[in-house]
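Structure first, then comments.
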Amino acid sequence: MPWSILEYLRKDPEVLRNSLRKRFMDESLVDNAIKYDVEWRKVLTEVNNLRHKHNQISQQIAKVSDEERRVLISEAKELLKTIEVLEKKLDEIERVRDDLLTSMPNIVHPSVPVGSDDSYNIPIRAWGRAKVYSEFLDEFLRNTAGKGVNMDYEVIDWRPIGHADMLEYVLKLGDTLKAAEVSSSRFYYLFDDIVWLDIALLTYAIDYLTSKGFKLVLPPYMLRQQYMAGVVDLATFKDAIYKVEGDDLYLIATAEHSLAALHAGDEIPEEDLPLLYVGVSPCFRREAGAGSRDIKGIFRVHQFHKVEQFAYTMPEQSWDVFESLISNAEELYRNLELPYRLVNVVSGELGSPAAKKYDLEVWYPAQGRFRELVSCSNCTDWQAYRLKIRYLRRKGTVRDYLHTLNSTAIASTRTITAVLENHQKPDGVVEIPKALRKYLEVYSKAPKDYIHPAKR
RNA sequence: GCCGGGGUCGCCUAGUCCGGUAGGGCGCCGGCCUGCUAAGCCGGUGGGGAUACCCCCGCGCGGGUUCAAAUCCCGCCCCCGGCGCCA
């Protein structure tokens with residue numbers, strides 16, 4: 001039963017305290033959990049002893065005479081009363097203990113920078129030649145060379161139009177105002193060339209990853225609460241997840257959720273690992289904590305399409321696979337000619353499931369900042385424990401929790417915004433990345449090289 | 001949604017009517033035996049707590065009846081078949 005968190009809780013709790021400190025969370029959680037775990041084991045032993053006594057009496061009853069039976073039955077009944085009281089106590093302790101355990105975030109990996117917010121993220125490498133409007137040069141340099149990673153750039157003397165205005169007013173290929181009226185804010189209608197682009201981006205990513213041996217999956221878009229709770233933490237549940245009224249179903253916020261649930265309860269032989277999946281699905285997000293951030297355009301929306309990489313691995317494989325998932329993502333963005341930097345995300349911004357996370361951030365010329373397009377996480381055994389997914393080593397003699405990892409490949413709407421800003425010409429024409437051409441050529445009405453501003 | 005059948009230790013299966021320690025086969029692991037292999041024999045093969053014995057829980061899930069539930073009762077989930085509805 002070596003779930004890393006429970007194991008450390010019993011053998012070396014300082015590891016957990018230290019991890020919580022790095023996340024700026026209250027480390028008393030650990031001592032509280034220890035207290036309840038010790039108490040739980042103590043009461044469990046008491047209950048088990050009483051149950052044993054009761055079982056013994058119960059088994060005698062079948063074999064004795066009528067008079068003896070009457071005596072034994074009343075004895076058993078007495079015992080049951082005691083057991084019942086103690087079992088109630090045990091259930092209560094167990095409930096508290098499990099709540100404490102499942103509220104425990106994953107253990108922060110030693111290589112994760114410690115810091116409270118994303119200004120402490122550490123850039124690891126950068127790629128591409130960023131178009132930097134003169135006014136944004138200081139900001140650009142502060143976030144590249146200033147943080148120890150050099151990135152090629154060219155200063156431009158015109159300010160590109162922001163992706164939201166491009167979509168809505170220059171190209172006139174999106175209508176977020178009507179969508180807000182009929183749905184609510186953060187919804188959108190997209191038309192023609194942008195829809196082709198959305199489709200092409202998805203097939204592009206699918207083609208790339210299936211060529212690399214990933215198994216293609218179209219997963220359920222809704223999951224029961226039990227499985228959703230195995231994949232996400234409470235904060236995500238509250239802020240990101242839509243509930244379907246009248247059913248025990250939740251809309252997925254990413255294919256990661258369904259792909260993690262795919263092997264819930266399974267035991268996977270060592271020789272089958274790693275299992276690599278590429279899922280494609282719509283994603284539904286409440287964005288409850290977002291306030292009015294990115295309220296314009298389609299950067300932060302309630303629904304979008306995403307191609308997602310997901311891996312099940314042996315514990316000793318997961319850090320290598322982690323690196324390979326992010327390098328897949330990088331290659332996808334390099335081929336789209338989108339300049340990016342890769343950051344090692346600070347401890348304070350890590351979600352509970354993740355032990356370590358890389359974000360791929362593309363430079364947005366009109367906004368003058370880097371923005372997250374890809375998030376790649378190693379969840380180690382955090383999800384596997386909750387979903388009871390184990391590996392079998394050496395023909396079933398060792399059984400243990402495996403590791404799960406996930407990474408964005410392409411999130412459609414967000415990638416579209418990056419294309420609209422980075423491949424925009426001074427005259428408002430958007431050049432389509434050549435890597436997408438092949439996926440657009442199959443459609444007679446799809447654009448092939450350029451998307452042109454609407455005629456007025 | 002309705003009617004019927006089903007869900008037992010990795011797989012197959014007995015036990016359910018009639019309540020009393022869940023049995024067998026296959027596979028797998030370990031051991032014995034043996035020129036080698038096969039066969040044969042012995043033990044193990046779910047979760048948890050103790051770890052020197054050992055104990056508790058586990059028959060789709062959750063309740064109930066009972067000293068005692070795989071077995072009886074109630075609710076739910078899933079699978080198969082039929083009917084209905086349907087892109």
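Here the structure is a predicted model, which is why all the values come from computation and not from measurement.
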Starting from [atom2] on [N], measure out to [atom1] on [X] and report it in whole angstrom.
X        : N      : atom1 : atom2 : result
A:Leu9   : B:rG49 : CG    : C1'   : 16 Å
A:Gln226 : B:rC78 : CD    : C1'   : 13 Å
A:Trp3   : B:rG47 : CH2   : C1'   : 16 Å
A:Asp98  : B:rG48 : CG    : C1'   : 12 Å
A:Glu84  : B:rC67 : CD    : C1'   : 14 Å
A:Gln60  : B:rU21 : CD    : P     : 14 Å
A:Glu75  : B:rA68 : CD    : P     : 14 Å
A:His54  : B:rA69 : NE2   : C1'   : 13 Å

Full working for side chain to side chain donor-acceptor pair (under 3.5 Å) between A:Ser407 and A:Tyr358: CA-CA 9 Å; A:Ser407 173; A:Tyr358 287 144; over 6 Å; no

Using a 4.0 Å heavy-atom cut-off, does [X] contact any base of the nucleic acid, only the sugar-phosphate backbone, or nothing at all?
X        : result
A:Leu80  : sugar-phosphate
A:Arg390 : sugar-phosphate
A:Ala76  : sugar-phosphate

Work out how far the [atom1] atom of [N] is from that of [M], and round it to whole angstrom.
N      : M      : atom1 : result
B:rC72 : B:rG5  : P     : 14 Å
B:rA69 : B:rG60 : P     : 15 Å
B:rU71 : B:rU66 : C1'   : 13 Å
B:rG24 : B:rG19 : P     : 24 Å
B:rU8  : B:rC54 : P     : 31 Å
B:rG23 : B:rU37 : C1'   : 32 Å
B:rG46 : B:rC59 : C1'   : 12 Å
B:rC3  : B:rC85 : C1'   : 16 Å

Between [options], spot the one nearest the side chain of [X], thanks.
X       : options                : answer
A:Trp40 : B:rG20, B:rA50, B:rG48 : B:rG48
A:Ala62 : B:rC67, B:rG49, B:rG20 : B:rG20
A:Arg10 : B:rC78, B:rG49, B:rA68 : B:rG49

Ring pair (Phe, Tyr, Trp, His ring centres under 6.0 Å) partners of A:Trp196, counting only residues at least two apart: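 Listed in chain order: A:Tyr443.
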
Any donor and acceptor pair, going by atom type alone, linking the side chain of A:Thr236 with main-chain N or O of A:Val232 inside 3.5 Å?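 Judged by distance alone, no pair lies under 3.5 Å.
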
Mind checking who [N] pairs with, Watson-Crick or G-U wobble, both distances under 3.5 Å?
N      : answer
B:rG4  : B:rC80
B:rG43 : B:rC29
B:rG58 : none
B:rA68 : none

If you measure from the Lys or Arg side-chain nitrogens to the Asp or Glu carboxylate oxygens, is any gap between [X] and [Y] under 4.0 Å?
X        : Y        : value
A:Asp247 : A:Arg224 : no
A:Glu287 : A:Arg300 : yes
A:Lys306 : A:Glu308 : yes

Is the number of heavy atoms from other residues, nucleotides or ligands under 6.0 Å of A:Tyr227 OH greater than 12?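 At most 12 heavy atoms, drawn from other residues, nucleotides or ligands, come within 6.0 Å of this atom.
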
Is it the case that more than 12 heavy atoms not belonging to A:Lys388 sit under 6.0 Å from its NZ atom?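 Above 12, so yes.
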
Can you build the contact string for nucleotides 54-66 of chain B? Use B for base contact, S for sugar-phosphate-only contact, and - for no protein heavy atom under 4.0 Å. -SSS---------

A:Pro353 and A:Gln383: which non-hydrogen atoms are nearest, and at how many Å?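 What the structure gives for the nearest pair is CB-NE2, 4.5 Å.
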
